[in-house]
Amino acid sequence: MTTFVELGVDQDIVDALSAKGIVDAFPIQEQTIPLGLPGQDIIGQAKTGTGKTFGFGIPVVQRLGLDPAPGVKALIVVPTRELAVQVYEDMDMLTSNRSTSVVAIYGGKAYEGQIDQLKAGAQIVVGTPGRLIDLNNQRLLDLSNATEVVLDEADKMLDLGFLADIEKIFSKVPAVRHTQLFSATMPGPIVALARRFMTNPIHMRASDPDEGLTQANIKHLVYRAHSLDKDEVIARILQAEGRGKTVIFTRTKRAAQKLVDELNDRGFNAGAVHGDMSQEARERSMAGFKAGKKDVLIATDVAARGIDVNDVTHVINHTIPDDEKTYLHRAGRTGRAGKTGIAVTFVDWEDLHKWALINRALEFGQPEPVETYSSSPHLYSDLDIPAGTKGRIAKAPKTETVRVPRTERAADAAEDGAREGGTRRRRRRSNAAKVGTSFAEGAEPAVPEGKGTDSADRADDGAGTHDGAGSEHHDGKPAPARRRRRRRRGTGSGAPTGA
DNA sequence: AAAAAAC
């Protein structure tokens, strides 16, 4: 571990960090700060929750120096309002021992306060594109001296929904500037596009490219949601012991609202964040969640990126995301700053192709979602994809990846994959083929209703209690239908539901 | 196609 002092960070910034208990630099910070300080353009890529914000933020603050001249000298652009608030708070912390002033500029809020701060001479602006351009058009935000420019969640900022705005913003800042782009995901085509806005950028990756994309601290569990009462199952997960805060993602704003109402009706203390809410209500939810007044947050993908909340132990994908990038960012709300987390994904029947895509892109090596979630609290042993291993199941034998093979062929292939660590490419191809097969089976449920066994479990579960060992039964019968083996696990699985 | 992002 390197300290910030050793990286050449100014003492007042070091003091601000250590006041928050932050002394050692994370790898992405060790790599980018020494380059960012002298003004090197950087594309910084590091996994979720590994400290990218300080990776660009510290150089920005330090490069502005102690120049008291008012006016915007640094611009940090982010994709959502909540992220603007968060990055603003980080920058405000970094500048707490110097006079540099920071302002957050984003929509859904009164203009007045933001304009006042700009007029008062704010030097660092953190904002979302719409309001930034709005105020720039009104000549209330002068970007002509913003020689420090950062795109956070850069791949998102450069995708179609934002690109026109970003081009507009780049046309307003000086041509000679220091430009930093950061994200956990940086697809090749986006990197190529990004170079248009940069000068000889260095692409820094904080991890071995061969390591894969997934965060090693996060365990991924994937369940088929066909004919599953997801609300019920999610409620049960929320009752599991050993749970801290949980973020639940839905595909639509309506689904998010419906779920938060449902969960609150069931007595949970949940909040929502989505684009149909007033900004005030969004921020109330976020603040309540961060402060621990609510321990469940239901969100659309507005909260998929960047949001950093301590002690989120679970991410639940009520609906599977569209692509692997979104999957990675959503899951990355847990397992941050060295902590561990669990990502649970429910795959609806019509979304099997999305799972196939994500499974292949993230190299989970899991041909299909496991059998329907059984409603028992012992879910954590059902499927255990060793993250950060490129899905090389063989490399984690003690993990005992067990699933219910849908066909003999699937079983054979799974064993094949488990045995031969060196055949990743071949296995991946065969996995892809298998997923294709299961998807192509069309009208027939890929897991036949034979999982009625699980339906039975569900019915039993209505009683509310379970014996701790998953291998045991619910109703006196041995668990015959429970075809998968279960493994006792310390957290969450060993305890009664506590319903 | 949804979500996000200005009023």
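Just so it is clear, the structure is predicted and the values come from calculations on it, not from any experiment. Chain naming here is simple, since letters A, B, ... match the order of the sequence lines and numbering starts at 1 in each. Side chains included, hydrogens not; waters and symmetry mates left out as well; all remaining heavy atoms used.
- Whole-Å rounding puts the A:I133 CD1 to B:dA4 P distance at 18 Å.
- Contacts between residues 248-260 of chain A and DNA chain B, defined by a heavy-atom separation under 4.0 Å, are made by A:R251, A:T252, A:K253.
- Atom pair A:I169:CD1 and B:dA5:P shows a separation of 14 Å (rounding to whole Å applied).
- In this model, the phosphate group of B:dA6 is approached by a side-chain N or O of A:T128 to a distance below 4.0 Å at OP1 or OP2.
- Within the 4.0 angstrom heavy-atom criterion, only backbone atoms of the sugar-phosphate kind lie near A:R282; the bases stay farther away.
- The separation between A:E350 atom CD and B:dA1 atom P is 16 Å, rounded to whole Å.
- Using a 4.0 Å heavy-atom distance criterion, A:F162 is classed as a base contact.
- The distance from atom NZ of A:K156 to atom P of B:dA3 is 12 Å, rounded to the nearest whole Å.
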Quiz prompt | Worked verdict on A:Q279 versus A:E283 for side chain to side chain donor-acceptor pair (under 3.5 Å) | solution = CA-CA 6 Å; A:Q279 190 54 30; A:E283 288 180 20; 3.0 Å; yes

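- Rounded to whole angstrom, the span from the CG atom of A:L357 across to the C1' atom of B:dA1 amounts to 15 Å.
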Practice problem: List the steps, then state whether side chain to side chain donor-acceptor pair (under 3.5 Å) holds for A:R177 with A:T179. | Solution: CA-CA 6 Å; A:R177 59 170 186 264; A:T179 308; 2.8 Å; yes

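- With A:D308 as the partner, the salt bridge (Lys or Arg N to Asp or Glu O under 4.0 Å) test is satisfied by one option alone out of A:K290, A:K52, A:R336, A:K245: A:R336.
- Among the nucleotides B:dA1, B:dA3, B:dA6, the one closest to the side chain of A:Y106 is B:dA6.
- The shortest side-chain heavy-atom distance between A:D134 and A:N136 does not fall under the 4.5 Å cut-off.
- Among the atoms of the strands shown, none is found under 4.0 Å from any heavy atom of A:N137.
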Practice problem: Given side chain to side chain donor-acceptor pair (under 3.5 Å), test A:H314 with A:R243 step by step and report yes or no. | Solution: CA-CA 7 Å; A:H314 292 62; A:R243 184 184 68 86; 5.9 Å; no

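- At whole-Å resolution of the value, CG in A:D152 and C1' in B:dA4 are 15 Å apart.
- Taking atom NZ of residue A:K354 and atom P of nucleotide B:dA3, one finds them 11 Å apart after rounding to whole Å.
- Protein atom CG of A:L160 is 13 Å distant from nucleotide atom C1' of B:dA4, rounded to whole Å.
- A perpendicular orientation is assigned to the rings of A:F364 and A:Y327, their planes being inclined by more than 60° (bins at 30° and 60°).
- Heavy atoms of A:G161 sit under 4.0 angstrom from at least one base atom.
- Closest contact between the side chain of A:D134 and the listed nucleotides B:dA6, B:dA1, B:dA4 involves B:dA6.
- Once rounded to the nearest 0.5 Å, the distance linking OG1 of A:T95 with CD of A:Q62 reads 13.0 Å.
- Side-chain contact between A:H329 and A:E153 is present, with heavy atoms from C-beta onward closer than 4.5 Å.
- Residues A:K354 and A:D322 have side chains in contact (heavy-atom distance under 4.5 Å, counting atoms from C-beta outward).
- With sequence neighbours excluded, no residue forms a salt bridge (charged side-chain N to carboxylate O under 4.0 Å, His left out) with A:R333.
- Using a 4.0 Å cut-off on heavy atoms, the residues of residues 296-303 of chain A that approach DNA chain B are A:T300, A:V302, listed by number.
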